[in-house]
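Keep in mind that the numbers below use all heavy atoms, side chains included, and drop hydrogens, waters and symmetry copies. Lettering of chains follows the sequences in order, A, B, ..., and the numbering in each one begins at 1.
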Amino acid sequence: MKALSCAARRPNSKFGEISVTSSPARVRFAPSPTGHLHLGGARTALYNYLLARKTGGKFILRIEDTDQKRFVPGAEQEFMDGLRWLGLHYDEGPDIGGPYGPYRQTERREIYQRHAWQLVEQGHAYPCFCTPERLEQMRSLQMQNKETLHYDGTCRNLPPEEAARRVANGERHVIRFKTPQEGATTAHDLLRGDITIENKNIDDYVILKSDGWPTYHLAAMVDDHLMNITHVFRGSEWLGTFPLHVNILRAFGWQEPTWIHLSIFLKPSGKGKMSKRETAEAMKDGYSIFTKDMGSLGYTPEGVNNWVALMGWGISEGDDVMSLAEMVQKFDITRLTPSPAAINFTKLDHFNGEHIRRMAAPDLAARLKPYFTNAGLEVSDDLLLRVIPLIRERLVTLDDCLPFAAWFFRPQVVPDPKDLVAKNLTAAQSAQIAQRIYETLAPLPHITHDLAEPPMRQLVEELGYSPGQVFGILRVAVTGQSVSPPLFESMELLPREVILERVQQAVELLKNA
RNA sequence: GCCCCCAUCGUCUAGUGGUCCAGGACGGAGCCCUCUCAAGGCUCAAACAGGGGUUCGAGCCCCCUUGGGGGCACCA
């Protein structure tokens, strides 16, 4: 129903698509296990997930691990963990299987070889015997002559019989795609429209390496086709080889998916992408571009998803704080934007805080508990649950619970005497006030908000100081710190004796100050 | 050097030829609330990169310039 009304309002988007979001989509997130899952990958995965859920389709995880040299042990697991943490559950993947497996490219080697040779037989590709050294020389020569770097075609025109003989003899070779030399190739991107590149600017790319493994160009096209992928979300770094990919698909006679090239994320300054240096700098400020760090930095999957979703997706009006389910409702691939986006970490803080404030108390409590535990504190679930309403709107990140509420779970607090001295007053004056506070609270049967605040206000009146001065002393005495959740609500959660002891302690500290 | 992509407040964006002296959000400034810190409420400052077309009319369409980004591997 939603999709239909969307289509009615924006019938063809600007490039004449027909109802791109209505039928079930099969989409895939296909990382290479060579590093960490970062923001860009998380967004690509998210959009895939949203489209799949929106259309009642399938979200697939495929591991593109054909590069033997760059393989990083544990990376694949990190991607799976990252997706799980984000709540982006896939329907088919290497660890859970599915009808189109295997989902790891290293388990599909024969498939690629078969297809590569099929292209050779059909005249769309050819074996190439040029050595890496020769190619290196060729390139530096081209560089010297200020030519465009490209394969010079030496093996392209080898008689097929000779090529076949040399291959049969076991001569080391790769297979290159035979890009047409005349004309131009036009490929269509949903967001950017037609993209045309002169064929002379498209190289004869290697599609099967001499070690027998395919390159991305072959493997991704073959898999997307065999896995029935309907929409391909990928980074704009693929735009340059986009026509190549379309040519490969056409050589096979396969149908094209809908292509959506997402722009990359720029560093906060907007000048270039995140480098090692900026990544380290962000980490110093408590931010990271890697999902593996997000949890320990106190970020929630809800906050991260929401933040990342809106970099490259404009929702026209209304509430932009959304859960995954709400994003599914509102998602519309035709509203994605093609321009590069600068990362804005303070906006992540905003979304994270918003989602924390939206959480049900028991949920928040469960998420907060590990931060206390990791800090060596023993927390009572009952007390924690009662602390939640006092700190919730103060939290930007989950680990902010420590500065605000750790003191609740410590047997005693030791205020710095300097903090006990009220603004514009001496230690002696503060000591006197503390003593009066003690005398005010001591007679109360319970120190609750309702019972304690009126007499305390009266005391403030009597003393002629400001509420801030008097309450400030009490705050530091009880919590040990000058910034805390609301005072009376906080005291209500502690035993009466504890509070009185602490006020007494403050009196002593001030006297000796 | 060659190829490709992108271009609205500082940032993310809405805008699909008149309803735009350009709307929202983050951040910033101010005020209110107030026991600290927040949260919340209200208000303010802040943009169509430049130049040519097309059109009665252009932020929206076309071209050029400029700026930014990405790519030019037997990596993905």
Side-chain angles (χ1 to χ4, degrees), chain A residues 10 13-14 30-35 64-67 69-70 128 130-132 135 139 142-143 145-150 172-176 189 192 195-198 200-203 205-211 213-217 219-220 234-243 261 263-264 266 268-273 307 310-321 335 337-344 346-351 353 357 391-396 400 403-404 453 456-457 460 466-472 474-476 479 481-488:
Chain A
R10 302 161 50 93
S13 95
K14 49 186 150 181
S32 176
T34 53
E64 308 214 328
D65 53 355
T66 55
D67 187 350
K69 295 181 217 68
R70 294 204 309 158
C128 169
C130 296
T131 62
L135 295 173
R139 278 190 206 104
Q142 289 172 345
M143 204 105 77
N145 299 340
K146 303 211 153 120
E147 283 176 57
T148 309
L149 300 182
H150 66 286
R172 202 166 171 82
H173 63 279
V174 300
I175 291 177
R176 289 180 183 274
D189 176 273
R192 299 161 200 261
I195 289 164
T196 302
I197 297 186
E198 301 281 326
K200 66 175 193 297
N201 288 322
I202 310 174
D203 216 343
Y205 284 92
V206 171
I207 56 174
L208 197 76
K209 299 182 267 185
S210 60
D211 61 6
W213 291 105
T215 59
Y216 172 89
H217 310 305
R234 33 135 73 158
S236 62
E237 67 269 21
W238 293 112
L239 243 23
T241 43
F242 184 19
H261 290 87
S263 276
I264 57 153
L266 272 21
S269 66
K271 309 271 181 210
K273 50 181 179 183
W307 174 53
L310 260 17
M311 303 173 77
W313 169 26
I315 56 170
S316 37
E317 63 213 60
D319 204 358
D320 58 356
V321 178
R335 301 195 74 107
T337 56
S339 38
I343 294 170
N344 181 350
T346 50
K347 203 153 187 171
L348 167 61
D349 284 336
H350 168 253
F351 281 119
R357 267 164 259 142
I391 61 171
R392 168 192 272 130
E393 63 268 28
R394 278 158 250 267
L395 306 181
V396 171
D400 282 342
F404 278 112
E453 187 169 7
M456 280 298 296
R457 294 262 173 213
V460 168
S466 74
Q469 289 171 311
V470 178
F471 293 156
L474 216 206
R475 178 189 316 284
V476 177
T479 70
Q481 50 198 53
S482 44
V483 173
S484 83
L487 229 202
F488 294 102

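Contact between the side-chain N/O atoms of A/Arg139 and the OP1/OP2 oxygens of B/rC2 is not found at any separation under 4.0 Å. In this structure, A/Lys69 does not reach the B/rC74 phosphate: none of its side-chain N or O atoms is under 4.0 Å from OP1 or OP2. Using a 4.0 Å cut-off, no side-chain N or O of A/Thr215 falls inside it from OP1 or OP2 of B/rC74. In this model, the phosphate group of B/rG40 is approached by a side-chain N or O of A/Arg357 to a distance below 4.0 Å at OP1 or OP2. Here A/Ser263 does not reach the OP1 or OP2 of B/rC5: none of its side-chain N or O atoms lies under 4.0 Å away. Phosphate proximity of B/rU36 to A/Arg394: absent, as no side-chain N or O sits under 4.0 Å from OP1 or OP2.
Of the C1' atoms belonging to B/rC72 and B/rC60, the separation is 34 Å, rounded to the nearest Å. Across B/rC9 and B/rA46, the matching C1' atoms stand 5 Å from one another, rounded to whole Å. Comparing the C1' positions of B/rA76 and B/rG71 gives an interatomic distance of 13 Å, to the nearest angstrom. Taking atom P in both B/rG23 and B/rG68, one finds a spacing of 29 Å when rounded to whole Å. B/rA49 and B/rU11 have their P atoms separated by 12 Å, given to the nearest Å. Between B/rG30 and B/rG70, the two P atoms lie 37 Å apart (nearest whole Å).
Across all strands, A/Thr66 comes closer than 4.0 Å only to sugar-phosphate atoms, never to a base (heavy-atom distances). Note on A/Pro268: nothing from the nucleic acid sits closer than 4.0 angstrom, heavy atoms only. Nucleic acid contact class of A/Phe404 (heavy atoms, under 4.0 Å, all strands): base. Residue contacts shown for A/Pro467 are limited to sugar-phosphate atoms, with no base heavy atom under 4.0 Å away. No engagement by A/Gly235 is indicated, since no non-hydrogen atom pair under 4.0 Å with the nucleic acid exists. Nucleic acid contact class of A/Gly240 (heavy atoms, under 4.0 Å, all strands): none. Among the atoms of the strands shown, only primed sugar atoms or phosphate atoms (P, OP1, OP2) are found under 4.0 Å from some heavy atom of A/Gly272. Within 4.0 Å of A/Trp238, counting heavy atoms only, lies at least one base atom of the nucleic acid. Looking at heavy-atom distances under 4.0 Å, A/Ser466 makes no contact with the nucleic acid at all. Heavy atoms of A/Arg392 sit nowhere under 4.0 angstrom from any nucleic acid atom. Heavy atoms of A/Val206 sit under 4.0 angstrom from primed sugar atoms or phosphate atoms, though from no base atom. The residue A/Leu487 sits close to a base: some heavy atom pair falls under 4.0 Å. Contacts of A/Ser210 with the nucleic acid, taken as non-hydrogen atoms under 4.0 Å apart, include base atoms. Among the heavy atoms of the strands, none lies under 4.0 Å from A/Pro33.
Interface remark: the A/Arg475 side chain does form a donor-acceptor pair with the B/rC35 base, using a distance-only criterion of under 3.5 Å. Below the 3.5 angstrom threshold, one finds no donor paired with an acceptor across the side chain of A/Thr148 and the base of B/rC2.
Taking the side chain of A/Asn201 as heavy atoms from C-beta on, and the options B/rG40, B/rA14, B/rC3, the nearest nucleotide is B/rC3. Listed nucleotides: B/rC6, B/rU36, B/rC5. Nearest to the side chain of A/Ile195: B/rC5. Set against B/rC37, B/rC75, B/rC3, the side chain of A/Arg70 has B/rC75 as its closest nucleotide. When distances run from any side-chain atom of A/Pro486 to the nucleotides B/rC35, B/rA14, B/rG70, the shortest one goes to B/rC35. Nearest nucleotide to the A/Leu149 side chain, out of B/rA76, B/rU36, B/rC72: B/rC72. The side chain of A/Lys273 lies closest to B/rG71, out of B/rC5, B/rG71, B/rA7. Distances were taken from every side-chain heavy atom of A/Lys347 (C-beta onward) to each of B/rA14, B/rC12, B/rA73; the shortest belongs to B/rC12. Distance from the side chain of A/Ser32 is smallest to B/rA76 among B/rA76, B/rC3, B/rC74. Nearest nucleotide to the side chain of A/Glu237, out of B/rU36, B/rC12, B/rG71: B/rG71. Closest approach to the A/Glu393 side chain among B/rC6, B/rA39, B/rC35 is made by B/rA39 (side chain taken as heavy atoms from C-beta onward).
In this structure, B/rG40 forms a base pair with B/rC32, meeting either the Watson-Crick or the G-U wobble geometry with both donor-acceptor distances under 3.5 Å. Base pairing annotation: B/rG1 forms a Watson-Crick or G-U wobble pair with B/rC72, both donor-acceptor distances under 3.5 Å. When both distances must be under 3.5 Å, the Watson-Crick or G-U wobble mate of B/rC9 does not exist. In a base pair of the Watson-Crick type (N1 to N3 plus N6-O4 or O6-N4) or a G-U wobble (N1-O2 and O6-N3), with each distance short of 3.5 Å, B/rA22 is matched with no nucleotide.
Heavy atoms only, all atoms of each residue included: A/Arg394 and A/Pro486 are closest at NH2-CD, 3.2 Å.
Once rounded to the nearest 0.5 Å, the distance linking CH2 of A/Trp313 with CG of A/Asp320 reads 10.5 Å.
Between A/Tyr216 and A/Trp238, the angle of the ring planes stays under 30°, which puts this pair in the parallel group of the 30/60° scheme.
In this structure, the side chain of A/Gln481 engages the main chain of A/Pro403 through a donor-acceptor pair within 3.5 Å.
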